[in-house]
Amino acid sequence: MNLCDFAPEYIRSIQPYQPGKPISELARELGLNEAYIIKLASNENPLGASPIALDAMINTLHDIALYPDGSGFELKAALSKRYDVAPEQIVLGNGSNDVLDLAARVFLKPGAAAVYSQHAFAVYPLVTQLIGANGIAVPARDYGHDLPAMLDAITPETRIVFIASPNNPTGTLSGEEELLQFMERVSRDVLVVMDEAYYEYLPEASKPDSLKWLKQFPNLLITRTFSKVYGLAGVRVGFGLTHPDVANLMNRVRQPFNVSSIGLVGALAALRDAEFVQRSYALNRAGMMQLTDGFRKLGVEYIPSYGNFISFRVKGAAANTPKVYQRLLQQGIIVRPLGIYEMPHHLRVTIGLEAQNTRFLDSLEPILGELD
Ligand SMILES: *Cc1c(COP(=O)(O)O)cnc(C)c1O
């Protein structure tokens, strides 16, 4: 036996997460200039980060020899005020992916199960599998979560249900009423993780009042992130809001310094820059119109999205999809193939700056013309 053969089967069979292709990698592969490449592959904020957050992070560099505040006192105080929860209800994470992982490590074990939707965020099956627990993928309905079917899929072994709303990569939103009904019906012995990474991109009228449910349901964990509208994907800060008892367990499991000092300071400043959030939201709404108008003109089918991205269908055989992906790469445009999401006909494009969206659409048109 080789050492690696002793690793559990559920570890050896993990399919690694496939991130969007980095700009530097494409530049190397095709000999392109990095400045020419646009990455619309990871739902990053095309405006970058808030200038206020940038300044705060640059100032923190002077103290980089010191460990961060492992409790995240100041950031938690600000989040507590903003969201009207006690600091004891907050779990900070190295990105919200870390929070998802903590939830899995607290509540799952081999033999336990987690329920999630088909076409849902790839991190749910990943964190489930690395515990050796069973993942139950429930068939989607019109690319969205079929919440009644997910409720039915819960077994006595199920400890977590993951719900992404809006979901990535489909952009679908579960209705407030439907979510509330789910919470009312689901057993209190099951943790419901509501992943709201794209919450800030929702128009006010579409925002569910999910924070309010924390008072009513001790088995709810809401996760949010600084990676999307706040433009801080590179520093890795996310958080979970939940019942203090759940937060307590998750905080025992996390690494003592799981959020860096730069991340803590950047997130705190970003939270205060409402103008930047508003500008990012408005840019996204305009870009969403621009892309969906463009798709309609090109006769491209797309899944209406509530996020900062949109998944569109490449006509014809599934083999056309990697072709379009590759042809876009050659033009210096990186989008995301969705094969691992069981969507072999779709590509996902992140909404960029107006000029980037234009270049994407202008490049796409002749490429689609080449297909049979
Ligand atoms: C981007 C994204 C996240 C956020 O990940 P971070 O670890 O916070 O960068 C979480 N959930 C979904 C569905 C996402 O698309």
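In each ligand, atom 1 is the first atom listed, and ligand 1 is the first ligand listed. These figures come from a predicted structure and were not determined experimentally. All residue numbers in this chain count up from 1 along the given sequence.
- Scored by the side-chain hydrogen bond (donor to acceptor under 3.5 Å, both in side chains) test, Gln129 finds Ser13 as partners (sequence neighbours excluded).
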Compile the donor-acceptor pairs under 3.5 Å between side chains in residues 104-111 and protein atoms, sequence neighbours left out, one pair per line.
from: Arg105; atom 1: NE; to: Asp101; atom 2: OD2; distance (Å): 3.1
from: Arg105; atom 1: NH2; to: Asp101; atom 2: OD2; distance (Å): 3.4

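- Residues Phe239 and Leu241 are in side-chain contact: their nearest non-hydrogen atoms beyond the backbone lie under 4.5 Å apart.
- Aromatic ring pairs are classed by plane angle as parallel below 30°, tilted from 30° to 60° and perpendicular above 60°; the pair Phe121 and Tyr17 is perpendicular.
- The side chain to side chain contact (heavy atoms under 4.5 Å, CB included) check on Ser71 picks up Asp69, Phe73, with sequence neighbours excluded.
- None of Phe360, Tyr302, Tyr201, Tyr198 except one satisfies the ring-ring contact (aromatic ring centres under 6.0 Å, His included) rule with Phe309; the exception is Tyr198.
- At a 4.0 Å heavy-atom cut-off, the residues surrounding ligand 1 are Gly95, Ser96, Asn97, Phe121, Asn168, Asp195, Ala197, Tyr198, Thr225, Ser227, Lys228, Arg236, listed by chain and number.
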